[in-house]
Student: 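What follows is a single structure, and I will ask about it in a moment.
Note that the coordinates shown come from a computational prediction; the quantities given were computed from them, not determined experimentally.
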Amino acid sequence: MAETTPLSKIRNIGFIAHIDAGKTTVSERVLYFTGRTYKLGTVDEGTAVMDWMPQEKERGITIVSAATTVEWKGYTINIIDTPGHVDFTAEVERSLRVLDGGVVILDANAGVEPQSETVWRQADKYHVPRICFINKMDKIGADFYASVDSIHHRLNAQPVPVQIPWGRENDFRGVIDLIRQVAITWQDAEGTEMVEQPIPAELADDVARYRDAMIERAAEQDDELMVKYLDGEELTQDDIRRGLRAGTVKMAIYPVLCGTALRNKGVQPLIDAVTEFLPAPPDVPPVTGTDPRNEEIALERAPNRNEPFTALAFKVVTDPFAGRLVYLRVYSGACNAGATVLNTSRQGRERLGRLIQMHSNHREELEEAAVGNIVAAVGLKDTFTGDTICVPSSPVVLESIRFPEPVVSVAIEPKTREEEEKLVDALVKLAQEDPTFRSSHDQETGQTVISGMGELHIEVIVDRLKREFRVDARTGRPQVAYRETITRPGRAEGRYVRQTGGRGQYGHVWLEVEPLEPGSGVEFVNKIVGGVVPREYIGAVEAGAREAAQSGALTGFPIVDLRITIDDGSYHDVDSSEMAFKMAASMGFKAAVERARPVALEPVMKVEVVGPARSIGDIMGDLQSRRAQVQGMESRGELGIVTAFVPLAEMFGYATSLRSATQGRASYSMEFDHYNHVPQQVVESLTRRPAGAGAR
């Protein structure tokens with residue numbers, strides 16, 4: 001990175017798209033043509049620099065976002081190549097949070113695809129200006145104009161072609177630059193020899209039509225240009241670029257370019273467009289936050305070197321060579337390696353050790369982290385994704401990054417006892433890296449449960465456990481944590497009498513159980529009068545009843561939401577003991593519950609599904625087949641939103657089912673809401689929970 005690069009010549013961009021649209025291939029060509037690499041890498045051969053993980057090379061997809069920095073004509077461009085698969089949408093989320101601009105890559109054969117819509121909405125949420133690159137113009141079925149039309153209709157956006165293709169499919173020769181009015185072709189296979197020539201006569205009408213439309217859109221973005229345009233004056237090339245840049249920065253228009261990255265055509269003009277149309281750090285509004293000493297006070301940090309140092313941690317990775325790396329986007333000021341900084345999100349001081357410029361999984365040492373740049377830091381031990389770090393003298397807390405909740409869970413257990421501690425340590429490190437990955441230990445089922453965004457997400461996590469952490473683990477479906485309760489009062493006697501020749505055992509109680517409101521748990525009430533059960537044995541009675549409540553009469557799952565009352569009993573001066581009364585209470589409790597008409601309960605999740613309005617009928621039908629109680633339905637633009645209560649047992653596999661029903665266009669979130677009665681046919685399918693149930 002050139003340390004002398006003016007802030008106006010820094011670009012922080014990301015490549016975003018549907019899976020297999022060619023993001024990584026475009027990234028590889030950008031690295032090659034900017035001189036960052038000296039060999040063309042390919043996804044198919046597993047030689048792509050930006051896809052460095054073994055899991056990425058094997059599957060031919062991007063799994064984690066990779067960062068790099070290139071130099072181009074005096075500009076410094078920080079690039080993040082993001083995944084396209086919906087399971088790894090969190091990588092896109094956190095990348096867009098810290099980027100100033102984006103390049104949306106579309107397949108010329110397919111145009112806007114389902115995940116294109118998702119990443120477009122994510123970019124809208126973070127107010128990220130974009131340009132579009134219609135890739136694979138040499139592919140059979142490639143249609144530039146249909147792809148542009150899909151941007152307008154499916155994304156409700158205003159695309160403005162600044163290029164049109166010269167040919168298509170096997171006849172794709174190059175592009176027509178509408179601003180400079182020249183045809184550009186590439187003479188060699190590696191795409192380094194660009195040749196400019198006059199526009200072919202057969203394209204003259206198309207060029208005139210699309211150029212007029214482009215000039216009109218550019219003029220609309222600037223009052224001075226509009227006056228000039230209405231007065232009939234011709235807009236210069238610089239005027240056109242100025243208008244297009246103004247419209248792009250305020251997200252009123254989206255310039256569109258085309259090419260074929262795999263054949264090395266169209267990439268250099270795309271890099272030019274990044275520098276010409278996408279914003280520099282000073283072009284976007286100052287980042288805002290709050291004063292940690294008084295959250296009601298709003299603070300701004302302007303992208304200026306003279307402002308106090310402020311940065312946001314947006315990614316944590318465990319590097320096998322450098323250790324724990326924290327990726328930072330610096331929003332203001334500058335900070336040297338070795339400085340002490342304040343983590344305002346966690347109110348702790350840390351030492352900013354080594355500073356590194358990342359190039360995929362390679363590293364270059366830096367002396368300083370300066371405004372406008374993306375760097376990685378070594379030494380921040382207690383800084384996590386979404387944390388703000390700044391100079392201690394001027395604290396601020398920036399808005400953190402919100403991630404979707406995990407939606408798929410499986411149980412996991414190590415194959416050997418010796419690997420248990422290694423598994424726990426590995427899961428902690430993976431959870432620090434990936435905010436959408438969770439792990440927990442279920443005391444009731446005895447399982448360690450891991451949760452993620454989809455089956456591929458979980459598959460990659462398990463693969464990383466084996467390869468990176470040397471932990472061989474089995475996975476299976478987790479057991480649903482059912483409950484039981486009672487529907488009416490019940491009273492029963494518990495008598496435990498044993499005589500074995502010496503001192504015997506004697507315990508005798510009368511217990512009553514009665515239902516309570518949902519969420520009340522288990523209450524114990526002592527109504528003994530006259531000392532018929534001595535005070536020293538009451539604790540044992542309560543312990544015995546509560547222990548018995550951990551295993552219900554129908555399914556073996558815990559009994560909840562009831563009151564246990566002891567109101568009578570008897571004791572023996574010699575034979576009574578705490579153990580005897582504990583056993584008597586357990587027997588009395590079970591007998592009382594059987595008379596109180598017990599029912600099974602199941603966890604019910606509040607589910608919100610967001611998808612295209614045209615798919616709502618399919619979504620509703622699928623939910624109702626899962627015993628859902630639909631609570632509401634609403635529309636937001638072209639999206640439909642369904643809210644429903646659905647039993648957790650019916651939600652396994654829903655992510656895959658939803659994507660299949662909506663071609664991946666819909667997403668959902670769910671959270672626990674309440675327990676509800678289990679239908680009789682479901683109760684009959686339940687068996688008593690085996691002790692210490694683990695992964696199956």
Side-chain angles (χ1 to χ4, degrees), residues 404-411 436 438 440-445 447 449-455 476-488 515-522 549-562 593 596-611 616 618-634 640-659 661 666-689 693:
E405 288 296 312
V407 295
V408 173
S409 300
V410 299
T436 58
R438 308 278 172 80
S440 61
H441 184 73
D442 191 326
Q443 297 289 346
E444 295 172 8
T445 63
Q447 295 173 319
V449 178
I450 58 175
S451 305
M453 297 306 297
E455 286 145 324
R477 180 171 164 176
Q479 191 171 348
V480 176
Y482 290 95
R483 296 284 190 273
E484 292 183 23
T485 193
I486 56 175
T487 56
R488 67 183 185 186
L516 296 177
E517 290 294 316
S520 301
V522 178
Q550 293 302 306
S551 181
L554 297 177
T555 63
F557 286 92
I559 304 176
V560 297
D561 303 333
L562 80 167
V593 165
R597 196 179 293 163
V599 294
L601 301 174
E602 61 184 346
V604 176
M605 315 302 286
K606 183 178 182 182
V607 179
E608 183 178 89
V609 186
V610 181
I616 291 300
D618 293 334
I619 291 170
M620 293 270 286
D622 188 28
L623 285 174
Q624 287 168 349
S625 73
R626 298 172 184 270
R627 299 192 283 127
Q629 295 178 333
V630 176
Q631 301 298 301
M633 187 171 59
E634 60 177 296
I641 300 169
V642 179
T643 306
F645 291 130
V646 191
L648 175 61
E650 303 291 344
M651 291 301 292
F652 293 114
Y654 183 62
T656 303
S657 174
L658 180 64
R659 289 170 195 163
S667 60
Y668 80 102
S669 62
M670 70 177 184
E671 60 183 1
F672 171 75
D673 192 83
H674 65 279
Y675 275 90
N676 201 6
H677 292 188
V678 179
Q680 186 58 37
Q681 65 269 25
V682 178
V683 174
E684 291 170 359
S685 69
L686 296 176
T687 59
R688 281 185 171 271
R689 174 171 53 93

Student: To the nearest 0.5 angstrom, please state how far the CZ atom of R659 sits from the OG1 atom of T656.
Tutor: 6.0 Å

Student: In Å and rounded to the nearest 0.5 Å, what is the CD1 to CD distance from I619 to Q624?
Tutor: 12.0 Å

Student: Do T643 and K606 make a side-chain contact, defined as non-hydrogen atoms from C-beta onward lying under 4.5 Å apart?
Tutor: yes

Student: Within a strict 4.5 Å, meaning less than it, do heavy atoms of the V560 and Y675 side chains meet?
Tutor: no

Student: So, do V642 and E608 sit near enough that their side-chain heavy atoms are less than 4.5 Å apart?
Tutor: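 Side-chain contact under 4.5 Å: no.
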
Student: Do E650 and S625 come within less than 4.5 Å of each other through their side chains, counting heavy atoms only?
Tutor: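 Sidechains of S625 and E650: no contact.
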
Student: Would you mind reporting whether P518 and D561 have side-chain heavy atoms less than 4.5 Å apart?
Tutor: yes

Student: Do V609 and Y654 have side-chain heavy atoms sitting under 4.5 Å apart?
Tutor: yes

Student: With D622, which residues qualify under salt bridge (Lys or Arg N to Asp or Glu O under 4.0 Å), at least two apart?
Tutor: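 Result, salt bridge (Lys or Arg N to Asp or Glu O under 4.0 Å) vs D622: R626.
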
Student: Check A553 against V593 and note the closest heavy-atom contact, atom names and distance.
Tutor: CB-CG1, 4.5 Å

Student: Can you give me the closest heavy-atom contact between Y482 and F557, atom names plus distance?
Tutor: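 Heavy atoms only, the tightest pair is O-CB, 3.2 Å.
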
Student: Any side-chain heavy-atom pair from H677 and L601 closer than 4.5 angstrom?
Tutor: yes

Student: Sequence neighbours excluded, which residues qualify as side-chain contact (heavy atoms from CB on, under 4.5 Å) partners of R488?
Tutor: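 R488 satisfies side-chain contact (heavy atoms from CB on, under 4.5 Å) with R597 only.
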
Student: Between the main-chain N or O of R627 and the side-chain N or O of Q629, is there a donor-acceptor pair closer than 3.5 Å?
Tutor: no

Student: Roughly how far, to the nearest 0.5 Å, is the OG1 atom of T485 from the CG atom of L554?
Tutor: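 If I round to the nearest 0.5 Å, the distance is 11.0 Å.
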
Student: Give the intermediate values and the outcome of side chain to side chain contact (heavy atoms under 4.5 Å, CB included) for residues V599 and I486.
Tutor: CA-CA 6 Å; V599 294; I486 56 175; over 6 Å; no

Student: How long is the span from the CD1 atom in I641 to the CD atom in E634, to the nearest 0.5 Å?
Tutor: 4.5 Å

Student: Is the backbone N or O of A649 less than 3.5 Å from a side-chain atom of E602, with the two atoms forming a donor-acceptor pair by type?
Tutor: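 No, the answer is negative, given that no donor and acceptor are paired below the 3.5 Å cut-off.
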
Student: For a 4.5 angstrom cut-off between non-hydrogen side-chain atoms, does V522 reach I559?
Tutor: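 Contact flag for V522/I559 side chains = no.
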
